[in-house]
Protein chains: 2
Amino acid sequence: MRTPVPRAGLSRAAVVAAGAELADEVGFADLTMGLLAARVGVKTPSLYKHVVSLDALRRGIGIQAKQELGNVLARAAVGRSGADAVRAIADAHRSWALEHPGRYAATVRAPAADDEEDRRAGDEALQVFFDVLAGFGLRDARAVDAARTLRSALHGFVSLEGAGGFGLPRDVTGSYRFLVDSLVAGLQAERPAPESRSR
Amino acid sequence: MRTPVPRAGLSRAAVVAAGAELADEVGFADLTMGLLAARVGVKTPSLYKHVVSLDALRRGIGIQAKQELGNVLARAAVGRSGADAVRAIADAHRSWALEHPGRYAATVRAPAADDEEDRRAGDEALQVFFDVLAGFGLRDARAVDAARTLRSALHGFVSLEGAGGFGLPRDVTGSYRFLVDSLVAGLQAERPAPESRSR
DNA sequence: AGCTAAAAGCTAATGGCGATAGCTTCACCT
DNA sequence: AGGTGAAGCTATCGCCATTAGCTTTTAGCT
């Protein structure tokens with residue numbers, strides 16, 4: 001078997017990485033093969049030697065972005081627990097999403113039903129939510145509910161903020177703090193058991 | 001000044017309404033002038049007699065959808081208050097979003113900076129959130145925070161659910177109930193002064 | 001009833017984008 | 001020195017948004 005690596009410069013990983021950067025600048029939805037080709041110094045059709053389609057490029061960016069976000073969240077939670085950890089990953093989540101709008105949009109892309117690699121990237125990022133919520137004493141179905149709740153709230157906020165969905169007045173960071181505090185208080189509150197079985 | 005209304009059938013409103021229906025079927029992002037033209041029984045260029053561009057069509061669908069959603073939420077809250085009202089609009093919000101995915105995506109579109117009509121449609125829908133939260137004794141900036149919090153959480157959940165962002169197991173309706181209950185508990189909880197410091 | 005202005009529709013055409021086919025060039029290995 | 005295969009390029013196709021310019025229809029006036 002040969003190991004031919006003709007020309008220099010490009011590779012699938014390099015194209016995807018450049019695509020992620022470009023998506024942050026022009027928006028994930030407005031990313032085009034032509035724009036990316038110009039960025040990496042090639043003509044449009046040449047990109048197809050590295051990625052099979054625009055959709056495959058988006059998938060690659062999505063997987064990379066899910067991994068990056070997962071790492072960022074994990075780092076933020078190191079050495080913290082309980083409400084403190086929730087606040088830490090909430091802040092990290094919002095900062096990263098605002099700094100990397102294109103990548104963030106890519107993380108929301110749902111994997112195809114049979115796409116193991118993509119699914120795993122998302123699951124690993126999600127695991128951080130579970131780990132952080134472990135300190136709240138939630139089990140089984142409740143833990144799933146809480147992880148979905150936390151993720152939904154954080155995602156909804158930064159998604160609306162990123163889309164310019166909030167009217168001007170009242171500082172947005174203050175509202176975000178309110179959201180996180182409300183959630184923490186809500187998760188800590190006693191509540192009737194809907195349908196758990198353990199205990 | 002004459003008032004000529006030649007031909008029959010189409011009008012700006014009819015085109016926008018048909019566009020909203022079609023968006024629910026094919027997705028807001030995948031709505032094309034060609035698809036809509038076929039749906040209303042004309043050739044593509046003829047649509048431009050009624051809407052100035054695809055973007056203008058999207059804007060029109062967005063405004064219509066914001067009004068519809070606002071009405072749906074207001075109806076759901078009639079005769080209810082406090083936690084009961086929050087649960088009612090939360091359920092109505094999710095149901096409507098899942099039944100009308102294209103329209104729902106359109107409601108998230110941020111208005112252009114100088115677009116009064118679009119901004120007003122969004123504000124009127126948002127007003128329902130404020131009204132419902134009035135029962136929680138939140139004032140001024142806190143009321144803004146709470147409205148953003150509630151909207152973010154509801155939007156985040158249905159947005160992720162609609163995108164297929166939740167893994168299969170554990171019933172999604174149960175998780176939604178958990179989210180709403182957590183939020184209600186969090187909003188009712190006592191909490192420290194607004195301007196704390198963290199990060 | 002007939003005339004007319006303008007809206008509403010159509011065909012043709014342009015430019016951008018994703019994608020494919022097929023040719024050329026270059027790096028590496030023997 | 002030559003052969004191989006990846007990487008790049010040009011040419012081309014089809015789809016979509018949009019515009020130009022012609023034709024058809026109809027409201028409203030006389």
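Quick caveat, the model's predicted, so the values are computed rather than measured. Labels below follow one simple rule: chain letters A, B, ... track the order of the sequence lines, proteins then strands, and each chain is numbered from 1.
- Among pairs with a residue in residues 49-58 of chain B, those fulfilling salt bridge (Lys or Arg N to Asp or Glu O under 4.0 Å) read B:D55-B:R109, at least two apart in sequence or across chains.
- Atom CZ of A:R12 is separated from atom C1' of D:dA7 by 17 Å (rounded to the nearest Å).
- Taking the ring axis of B:Y176 as reference, the NZ or CZ atom of B:R94 stays within 45° of it and closer than 6.0 Å to the ring centre.
- Using cut-offs of 30° and 60° for the angle between ring planes, the A:H155 and A:Y104 rings count as tilted.
- The separation between A:D30 atom CG and D:dC16 atom P is 18 Å, rounded to whole Å.
- Between the CE atom of A:M33 and the P atom of D:dC9 there is a distance of 13 Å, given to the nearest Å.
- Aromatic ring pairs are classed by plane angle as parallel below 30°, tilted from 30° to 60° and perpendicular above 60°; the pair A:H93 and A:F129 is perpendicular.
- Relative to the ring axis of A:F28, A:R103 does not place its NZ or CZ within 45° and under 6.0 Å from the centre.
- Within residues 36-64 of chain B, the residues approaching DNA chain D are B:T44, B:P45, B:Y48, B:S53, B:L54, by heavy-atom distance under 4.0 Å.
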